[in-house]
Every structure is written in C-alpha cells, then in structure tokens.
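Structure first, commentary second.
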Amino acid sequence: MHIKKLLLPLGLLIIMMLAACGSNENATKSNTEKKASGSSEPATAKLIAGAPLKDGTYSLKEKELDSHGWKATMSITVKDGKITKSDYNYVDKDGKLKSDNAAYEKAMKAKNGIGPKEYIPKLNKALVASQDAQQVEAVSGATESSNHFINYAQQLIQAAQKGDTTPIVIDAYAKLKDGTYKLAEKNLGTTGWKTFIDMTVKGGKITKVNYDFLDKNGKLKSENAAYEKAMKAKSGVGPKEYIPALSKSLLDKQNAEEVDVVSGATHSSHSFRIYAAQLINAAQKGDTTPIEVDNLVFQEK
C-alpha cells in the first residue's frame with residue numbers, strides 16, 4: 001500500500017515533466033517563428049544555466065568551396081552578453097555573396113519557393129531573436145543551409161561563452177579521421193537530463209555511436225522505466241526506442257543532416273543532429289579533444 005502511494009506521485013511527476021517539456025518546445029517553436037518573421041528583439045527568457053556570452057566578434061568559415069562553388073561564412077557579434085548581430089552567408093571564389101547573386105536567387109526560388117535573399121536574413125534574425133542556436137527553426141525550402149547555420153551558430157555560441165575569438169575553420173568536405181570523438185553537455189536541462197554522444201570512426205567511417213542522457217545521479221534515461229512509460233503514453237515513443245533509432249540512423253547515413261527525425265521525439269532528434277554534426281566536424285580535423293557543451297538552459301515561461 002505504501003509503495004503504491006509513493007509510485008503514484010512519482011509517475012505523476014514524470015508525466016508533468018514530460019508535459020512541461022512538450023509545451024515548452026511548442027512555445028519555443030511558436031516564439032521563434034514569430035521573431036524570425038520580423039522582430040529581431042533578443043529573447044527575454046531568464047538564463048538559469050550555461051556561461052553567459054562574452055562581448056566580441058566570433059567568426060567561422062568553411063575551408064573549401066562546395067560542388068556548386070560556394071563556401072559558408074558566419075560571424076556573430078556579442079554586446080552586453082547578447083547576440084546583437086548574426087552575419088551568415090556563402091561566398092564564391094571571388095568573394096561574392098550568394099545572397100547578391102540574382103541568377104542563383106531566381107533558379108533556387110523557382111525550384112524551392114525561396115532563395116538566399118530571403119532565407120539567409122531569416123536565419124540571421126532568428127538567431128538574434130532566440131539567442132540560442134537550438135531554438136532556430138529550419139527554413140522550409142532551405143533545409144540544408146538551415147542545418148549548416150544551426151550547427152555553426154552552436155559552435156560560435158560555445159566560443160563566445162569562452163571568449164575565444166580565434167576564427168573557426170570547418171573542413172566540411174574532408175574525410176573522417178579514425179578515433180573516438182566525445183561530446184557532453186555540462187548542465188542539466190529543465191527536465192533534469194543532459195546529453196552525451198560518443199562516436200567512433202574506423203576506416204574513415206562512423207562505426208559506433210553511444211548516445212544517451214544522464215540525470216544528476218549519472219543514471220541513463222534509456223534505462224528509466226518510469227520515464228519510458230510516461231513518455232510513450234504521451235508521445236508514442238520513449239527513450240528506449242528513439243535513442244537507438246537516432247544512433248542507428250547516423251551509422252546508416254554517415255551524415256548528421258540526413259539523420260531521420262523520430263516522430264514524438266522531435267526536440268531530441270534536432271539536438272542529436274546538431275551535436276552529431278559538431279562531432280563530425282571534429283572528426284574531419286582529427287581533433288579527439290572531448291567537447292564540453294556549456295549548454296544554455298532558459299527558465300520555462
């Protein structure tokens with residue numbers, strides 16, 4: 001009888017946490033979309049974990065041109081601890097901007113309904129509005145560029161937290177170098193978990209992915225039966241299913257941007273793709289230094 005009385009509140013607590021997580025994700029998405037549509041006012045949510053950004057200008061560029069003759073460049077300006085400017089674009093061999101290329105704009109817009117003249121400023125505004133790369137939504141018709149933007153914005157934010165203005169160079173088309181690459185969040189999120197991913201590369205291929213979440217006691221989310229039951233009842237999927245599904249998708253696709261989003265675990269899927277992309281960038285350099293993400297945690301509204 002006493003055990004049942006204890007289990008019931010625990011189950012209710014987990015359900016409430018899941019509900020809060022889901023409602024927060026929807027609210028965040030709605031807020032970001034509104035901001036991206038016009039306003040560039042910074043987010044007002046209170047930061048409760050994660051080092052604040054240090055003032056300065058932080059830059060990143062891809063090393064080589066892609067098959068269409070472009071390479072991404074990005075910089076963010078931080079003033080008074082806030083991102084006040086985001087400058088993301090692509091340049092050709094002559095340093096000309098993709099957003100100024102009328103022929104490219106016309107061709108892409110005819111095919112996808114949107115061109116760089118529209119989606120590039122939209123992404124830049126969304127980052128200034130949200131102050132958090134993981135809250136930036138992909139722009140319909142420009143998914144690949146959006147994924148690049150979110151990955152690079154995340155890396156620049158991490159640099160800004162350290163105050164490291166050393167330009168970041170992304171060798172985006174290099175082969176992966178063998179080794180084990182690790183990334184882990186430093187801070188527990190509002191629902192009490194933090195992410196980690198270990199990725200093994202052998203023979204230039206990703207051969208193993210160890211991905212999960214830890215609570216304050218170091219226990220794995222995938223082994224938490226109560227959380228699994230509550231999330232599955234609400235979303236149709238739990239960590240026992242979506243965690244290995246995401247890991248397998250990365251192994252199959254060998255490309256973070258092509259990882260399949262798991263229905264019912266959209267937020268975790270997008271976070272996984274962002275972090276996997278960062279690990280792949282590390283593997284392209286052969287840099288096995290463990291990455292600690294001082295993840296930004298905002299107070300839920």
Side-chain angles (χ1 to χ4, degrees), residues 50-51 53 58-64 71-76 83 86 88 123 127 130-136 138 143-162 164-187 189 193-201 204-214 243 246-247 249-251 253-261 267-297:
L53 310 189
Y58 304 87
S59 63
L60 175 152
K61 65 179 181 180
E62 290 181 342
K63 186 177 180 180
E64 306 290 346
K71 60 182 178 181
T73 66
M74 186 171 182
S75 69
I76 62 170
I83 300 170
S86 172
Y88 169 68
L123 289 168
L127 180 61
S130 66
Q131 298 287 303
D132 184 358
Q134 298 206 27
Q135 293 186 37
V136 174
T143 305
E144 183 177 348
S145 292
S146 297
N147 288 333
H148 290 163
F149 176 89
I150 294 167
N151 170 26
Y152 296 159
Q154 176 68 37
Q155 294 193 46
L156 286 172
I157 286 171
Q158 288 169 209
Q161 287 176 302
K162 298 173 183 175
D164 185 356
T165 57
T166 306
I168 298 170
V169 179
I170 303 291
D171 199 357
Y173 308 103
K175 292 183 178 179
L176 307 189
K177 295 175 175 60
D178 291 2
T180 299
Y181 302 88
K182 298 183 177 185
L183 178 150
E185 290 182 336
K186 179 180 180 180
N187 309 305
W193 301 94
K194 57 184 178 180
T195 308
F196 73 87
I197 307 177
D198 299 339
M199 184 182 83
T200 301
V201 176
K205 299 287 185 182
I206 302 168
T207 57
K208 185 179 179 182
V209 177
N210 179 27
Y211 159 63
D212 214 314
F213 301 77
L214 295 171
I243 286 174
L246 290 170
S247 299
S249 187
L250 181 58
L251 286 171
K253 303 294 177 64
Q254 298 287 306
N255 185 334
E257 295 173 3
E258 295 178 5
V259 168
D260 298 316
V261 174
H267 179 75
S268 293
S269 297
H270 287 309
S271 294
F272 176 84
R273 287 165 64 161
I274 293 168
Y275 290 152
Q278 191 171 347
L279 281 175
I280 285 172
N281 290 155
Q284 287 165 329
K285 296 178 183 176
D287 185 355
T288 57
T289 306
I291 300 168
E292 183 182 59
V293 178
D294 193 3
N295 51 308
L296 301 174
V297 182

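Quick note: residue numbers are just sequence positions, from 1.
Judged purely by atom type and a 3.5 angstrom limit, Lys285 uses its side chain to pair as donor or acceptor with the backbone of Val169. Asn295 places a side-chain N or O within 3.5 Å of a backbone atom of Asn187 that can act as its donor or acceptor partner.
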query: Could you go step by step and tell me if Phe272 and Tyr211 meet the ring-ring contact (aromatic ring centres under 6.0 Å, His included) rule?
result: CA-CA 8 Å; Phe272 176 84; Tyr211 159 63; 4.6 Å; yes
- request: Decide yes or no on salt bridge (Lys or Arg N to Asp or Glu O under 4.0 Å) for Asp287 and Lys177, but give the supporting numbers first.
  value: CA-CA 9 Å; Asp287 185 355; Lys177 295 175 175 60; over 6 Å; no
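Evaluation of the salt bridge (Lys or Arg N to Asp or Glu O under 4.0 Å) rule for Lys175 yields no partner, not counting sequence neighbours. Take Asp212 and apply the side-chain hydrogen bond (donor to acceptor under 3.5 Å, both in side chains) test, not counting sequence neighbours, and it matches Ser222. With sequence neighbours excluded, the residues forming a side-chain hydrogen bond (donor to acceptor under 3.5 Å, both in side chains) with Gln154 are Gln158, listed by chain and number.
Side-chain contact annotation: Glu185 with Tyr275, donor-acceptor N/O pair under 3.5 Å present.
Looking at Asp198 and Lys208, no side-chain N of the basic residue comes within less than 4.0 Å of a carboxylate O on the acidic one, giving no salt bridge.
Taking all atoms of both residues into account, the shortest heavy-atom contact from Lys253 to Glu258 is NZ-O, 3.2 Å.
For the pair Tyr181 and Pro290, the minimum side-chain heavy-atom distance is 4.5 Å or more. Within the 4.5 Å cutoff, the side chain of Lys194 has no heavy atoms near those of the Phe213 side chain.
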